[in-house]
Each structure stands twice: as C-alpha cells, then as structure tokens.
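First the structure, in the form of structure tokens, and then the observations on it.
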Amino acid sequence: MTAELHYPFPEPPAPGTVTTVAPGVLWARFPLPFRLNHVNVFLIEDGDGWAVVDAGISDDPTREAWEALMAGPMKGERLTRLIITHSHPDHIGAAGWLCQRFGMSLVTSQTTWLTCLYESIAPDAFNHEAYAQDYRRHGLGDYTDTLLQLGHRYLRMVDRLPLTFRRVVAGDTLRIGKRDFRVLTGDGHAAEQVMLHCAADRLFLAADQVLAKITPNVSVWATDPEGDPLGLYLRSLAHLAREVPDDVLVLPGHQLPFLGLHQRLTELAHHHDDRFARILAACAQGPKTVFDLLPALFRMPLGPHETGFAFSEARAHVNRMVLEGRLVWTDAGDGIPRVMPA
Ligand SMILES: [Zn+2]
C-alpha cells in the first residue's frame with residue numbers, strides 16, 4: 001500500500017465563503033445537481049482585481065452562489081478575467097453569464113471554446129444516430145433507447161459564450177498579478193484541458209486531470225468510435241510527471257487540494273493497468289462485447305445514467321488494448337463486434 005496523499009485544507013469552504021490556499025489564491029465551492037455535488041473555483045489576485053478559474057454549471061443555485069460570494073467575502077472586489085479549464089458544463093456552464101455579469105473576458109483553449117460553441121449551436125448533436133448505432137452495435141440492445149432518452153441533459157446546462165475569447169496554448173506563460181503561470185494542456189478527460197503551473201510558488205491548478213480520490217472519466221465518443229482517449233490520458237499523466245515537480249500544492253476541479261502529485265499520477269496509471277488486467281481475464285473466458293465487460297470493470301450496480309458513462313469508459317480501455325495489440329476484434333457472424341486476446 002502506498003502512502004496517503006496530504007490534505008493541508010481538510011475542510012472545504014462552506015457555501016458563500018472562501019478559503020485562502022496560498023497568498024492571493026482563494027478557493028470557493030459551487031453546487032452541482034449530481035452525485036458529484038460540487039465543483040471547485042479558484043480566485044487568483046490579478047493586479048487590482050481577481051482572475052477566476054472555472055465558473056460552475058449554468059443554473060440558479062450557481063448564479064445565486066456567485067451573487068452571495070460577491071456580496072460577501074468578495075464585496076467591493078473586481079473580477080478581471082475568467083479562465084476556463086475545459087468544456088464540461090460543471091466548469092464552463094456559467095461562463096457566459098459570469099463574464100457578462102462581472103465584466104470579465106474569457107480565457108481558454110481553442111478546443112474548449114469550439115467544443116462548447118458546437119454544443120450550444122447543436123445541442124442534439126450528442127443524442128443522435130451515431131450514439132444509437134454505436135450502443136446497439138456494441139451489445140446494448142434494447143437498453144440503447146433507455147440511455148438515449150436520458151440523453152445528455154447536463155450538456156444543456158451551459159450559457160451562451162461571450163462573442164470573443166483569449167486563446168491560450170500549451171507552453172504559454174500566463175501572467176496573473178505578480179505570478180507567472182505556465183500553461184499545460186492534457187487530453188483524455190476533455191480535449192485540450194488547460195492546467196496552470198506556478199513554479200515559483202509551487203502551485204498546480206490541475207482541473208479534472210488529476211483528482212485526489214476520483215478517477216477522472218475517460219470516454220470514447222460515438223462520433224469518434226475508434227478514438228483513443230485513454231492513450232491520450234495516460235500520455236498526459238506521464239507528461240505531468242515529467243513537467244510538474246512533486247512538491248506542488250495541487251488545486252483540482254473537485255474534492256480537496258492535496259500534496260503528493262507524483263504518487264497520485266502513479267495511482268491513476270495503476271488503476272487503468274488493473275482495468276486492462278480485468279478485461280484480459282474476462283476475455284480469456286471467451287469473446288466479449290464492450291457491454292459484456294461492464295461487470296468485470298464496475299462491481300457496483302449501475303443505473304442507466306452510470307451505464308452510459310461505464311460503457312464509454314469500457315470502450316476507452318478496449319480501444320487502447322486493441323491499439324496496443326493486446327486484444328483483437330472478432331465477429332461471430334451476428335454483426336456484433338467482440339474482443340478476444342490477441
Ligand atoms: Zn469536472
């Protein structure tokens with residue numbers, strides 16, 4: 001068993017309050033209407049105001065929480081710009097409203113911007129025939145309709161974005177107040193997710209790429225069925241281990257800030273190795289559809305909402321193993337692809 005991560009701030013900030021995690025760096029929490037019931041937001045001193053990292057989801061409780069924060073601990077303070085880490089609604093959802101309400105400009109990666117724009121222009125794009133075909137093809141059968149009816153409701157909890165943004169790219173230096181942050185990006189959980197590293201003050205804003213206790217979701221999209229998001233994710237973990245020293249305070253998108261970055265990077269890679277091993281063991285019993293593999297990977301009972309994520313995550317492992325030559329697709333003649341050991 002490896003050592004525990006260290007949590008210098010074991011109590012999250014209560015609603016409407018902030019916790020100082022470093023001089024001029026504040027941590028606030030916003031509610032989410034999901035089982036994962038919160039998202040972290042960070043405020044970084046930026047000259048005569050504060051830069052904000054992530055916005056929360058677009059709903060009334062989030063907007064009320066922002067108003068309470070700005071009428072409470074941040075009363076009289078100016079917000080300068082909004083840095084969005086990635087395109088998921090729990091982070092970018094309220095960005096449009098927040099920028100307008102507090103006169104902020106938006107800073108993010110091009111992929112984050114374009115993904116969010118695409119989803120707002122075509123909200124049905126993720127509920128279309130590609131998903132239906134893909135789910136059926138990989139063994140979900142009649143369950144497909146249940147999943148599609150659930151849809152991707154949360155994708156709609158996003159405001160219209162501001163008309164312009166400032167693009168940041170991996171390798172950029174972003175000056176925030178007196179600090180220089182190096183911009184890193186990573187794929188797998190979300191495309192071109194932005195992370196910020198301040199070497200001088202040993203701070204690492206990791207977004208959702210590295211969380212203390214959750215394994216970030218890594219899903220294949222039906223629109224890119226042969227995609228390899230898990231390969232990209234594992235590559236990103238290795239990149240972070242090379243590029244970011246171990247002694248940083250990790251400020252993540254969910255759960256608690258922690259010390260122990262490199263240990264957590266190793267744990268996350270091991271988690272996926274364990275999943276690969278379970279898939280190989282299951283396939284040793286005979287060819288399996290992606291859907292067949294879910295019980296081997298997820299030991300708790302899955303509701304329809306979790307099944308959609310679990311399926312896409314299982315698919316990510318299978319695609320990676322096929323690319324590595326550890327599994328091959330077979331077709332028993334029924335048109336349903338199954339994998340078996342190579
Ligand atoms: Zn998130």
Side-chain angles (χ1 to χ4, degrees), residues 5 7 12-13 15 21 27-43 52-59 61-63 65-66 82-98 106-109 111-116 118-120 126 152-159 161 168 183-196 204-221 229-230 232-233 236-237 240 250-258 261 264-265 267-268 271-272 305-306 308-310 312-313 316:
L5 302 177
Y7 302 99
V21 291
W27 169 32
R29 269 202 168 172
F30 286 80
L32 291 178
F34 308 121
R35 197 162 69 177
L36 179 58
N37 64 5
H38 70 273
V39 60
N40 294 331
V41 166
F42 297 95
L43 299 109
V52 178
V53 179
D54 282 343
I57 207 159
S58 173
D59 66 2
T62 295
R63 287 183 283 271
W66 271 111
L82 175 62
I83 301 156
I84 292 291
T85 59
H86 63 294
S87 64
H88 294 168
D90 48 333
H91 302 262
I92 201 170
W97 171 81
L98 198 61
L106 178 67
V107 180
T108 194
S109 67
T111 308
T112 301
W113 168 262
L114 290 176
T115 304
C116 188
Y118 174 62
E119 284 165 7
S120 65
F126 291 88
H152 294 79
R153 181 181 66 88
Y154 82 104
L155 287 177
R156 291 162 201 263
M157 301 179 80
V158 177
D159 297 334
L161 286 178
V168 284
V183 176
L184 296 99
T185 58
D187 273 69
H189 175 70
E192 210 185 352
Q193 178 170 218
V194 172
M195 294 163 277
L196 298 174
F204 180 49
L205 288 103
D208 282 4
Q209 200 72 340
V210 190
L211 303 171
K213 293 199 165 140
I214 298 172
T215 309
N217 176 266
V218 174
S219 286
V220 169
W221 292 20
L230 185 53
L232 294 175
Y233 182 69
S236 169
L237 296 182
L240 293 179
V250 182
L251 302 173
H254 304 275
Q255 302 182 317
L256 299 176
F258 66 92
L261 174 67
R264 186 61 187 143
L265 293 171
E267 286 172 5
L268 288 166
H271 165 89
H272 292 293
H305 182 73
E306 287 98 31
F309 280 108
S312 304
E313 181 123 4

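All residue numbers in this chain count up from 1 along the given sequence. Each ligand, and each atom within it, is numbered from 1 in the order the structure gives. Predicted model only: the values in this text are computed from it and were never measured.
Taking the six-membered ring for Trp and thresholds of 30 and 60 degrees, F42 and W27 have nearly parallel ring planes, at less than 30 degrees apart.
The Zn ion (ligand 1) lies under 2.8 Å from an N, O or S atom belonging to H254. Taking 2.8 Å as the threshold, H91 counts as a candidate ligand of the Zn ion (ligand 1), since one of its N, O or S atoms lies below it.
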Q: Carefully, step by step, assess V183 and V194 under the rule side chain to side chain contact (heavy atoms under 4.5 Å, CB included).
A: CA-CA 7 Å; V183 176; V194 172; 4.2 Å; yes
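The minimum distance between the Zn ion (ligand 1) and any N, O or S atom of D90 involves atom OD2. The N, O or S atom of D208 with the smallest distance to the Zn ion (ligand 1) is OD2.
Side-chain contact check for V39 versus I57: every heavy-atom pair is 4.5 Å or farther apart.
The shortest heavy-atom contact between Q209 and S236 is NE2-OG, 2.8 Å.
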